[in-house]
Amino acid sequence: MADAEDRQGLDDAFAPPSKSARKRRMHALQRLGESLLELSEAQLDKLSLNEPALLEALQEARRIRSHSARKRHLQYIGKLMREIDPEPIESALAALHASRHADTQAFHALEALRDRLLASPQEGVELTLQRFPTADRQQLRQLLRQHASEQREGRPPAASRKLFRYLRELAEL
């Protein structure tokens, strides 16, 4: 009885994938091709795709405006994706998305620091100087005074934008 179950398990291990599994894989590869379409030319160059047919198909898909023609062309891109190894593309896309996420988090952290500076200038200046030792205390205080003046007079918040730009410069150093 155990031998029959073992043989059945071995037969399943070497059986070709089911039709549903093949379709799921094809759809996943087509979605991967569609995600390549969302990238700019510079981002595609960073991926360093060595598939001229795929690159040409991606460029052609960007020019297509008809919905049905675009849908057919996406299926063609999916077919091309089946002929190449998708693993390097998936890992490069994951790295690209991770760097975007890190950039977004850094941007939000700078916004939070700016908001803290504007809410409590004394604590904010000290916190900023701890985080960025090269920061100019005089410039920070000047921008904070400009912001307070703008708020009193009801002017647009140009000083807070300047403060954010200054913080971003400090972060890039």
Any side-chain heavy-atom pair of [X] and [Y] under 4.5 Å:
X    : Y    : value
L140 : F132 : no
L58  : L39  : no
L110 : L170 : no
P121 : L118 : no
R31  : S35  : no
R141 : Q122 : yes
L32  : E90  : yes

Could you report the tightest heavy-atom contact between Y76 and A57, atom names first, then the distance?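 Minimum heavy-atom contact is CE2-CB, 3.8 Å.
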
Closest approach of P156 and R161, non-hydrogen atoms and distance?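 Minimum heavy-atom separation between P156 and R161: CB-NH2, 4.5 Å.
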
By salt bridge (Lys or Arg N to Asp or Glu O under 4.0 Å), which residues pair with R72, not counting sequence neighbours?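 With neighbours one apart ignored, the set is empty.
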
Which residues pass the side chain to side chain donor-acceptor pair (under 3.5 Å) test with H67, sequence neighbours left out?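 H67 satisfies side chain to side chain donor-acceptor pair (under 3.5 Å) with no other residue.
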
List the residues meeting side chain to side chain donor-acceptor pair (under 3.5 Å) with E87, not counting sequence neighbours, and say none if there are none.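 Testing E87 for side chain to side chain donor-acceptor pair (under 3.5 Å), a comparison that skips the adjacent residues, returns none.
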
At what distance, to the nearest 0.5 angstrom, does [atom1] of [X] lie from [atom2] of [Y]?
X    : Y    : atom1 : atom2 : result
I89  : L29  : CD1   : CG    : 9.0 Å
K71  : S68  : NZ    : OG    : 9.0 Å
Q59  : L54  : CD    : CG    : 10.0 Å
L143 : L117 : CG    : CG    : 9.5 Å
M81  : R25  : CE    : CZ    : 9.5 Å
R165 : L167 : CZ    : CG    : 11.5 Å

Sequence neighbours excluded, which residues qualify as ring-ring contact (aromatic ring centres under 6.0 Å, His included) partners of F164?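 ring-ring contact (aromatic ring centres under 6.0 Å, His included) check on F164 returns F107.
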
Which residue pairs pass the salt bridge (Lys or Arg N to Asp or Glu O under 4.0 Å) test when at least one of the two sits in residues 49-70, sequence neighbours left out?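 Residue pairs with at least one partner in residues 49-70: E41-R62, E60-R63.
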
Which pairs pass salt bridge (Lys or Arg N to Asp or Glu O under 4.0 Å) with one or both residues in residues 105-129, sequence neighbours excluded?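 Checked against salt bridge (Lys or Arg N to Asp or Glu O under 4.0 Å) - neighbours excluded - the pairs reaching residues 105-129 are R116-E123, E126-R137.
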
Matching residue for K162 among Q142, Q146, Q139 - test: side-chain contact (heavy atoms from CB on, under 4.5 Å):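 Answer after filtering Q142, Q146, Q139: Q146.
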
Decide if atom CD of E153 counts as having more than 12 heavy atoms of other residues, nucleotides or ligands within a radius under 6.0 Å.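 Yes - once you tally the heavy atoms of other residues, nucleotides and ligands closer than 6.0 Å, there are more than 12.
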
After noting the C-alpha distance and the side-chain angles of L36 and I77, does the key distance pass the side-chain contact (heavy atoms from CB on, under 4.5 Å) rule? CA-CA 10 Å; L36 290 176; I77 289 173; over 6 Å; no

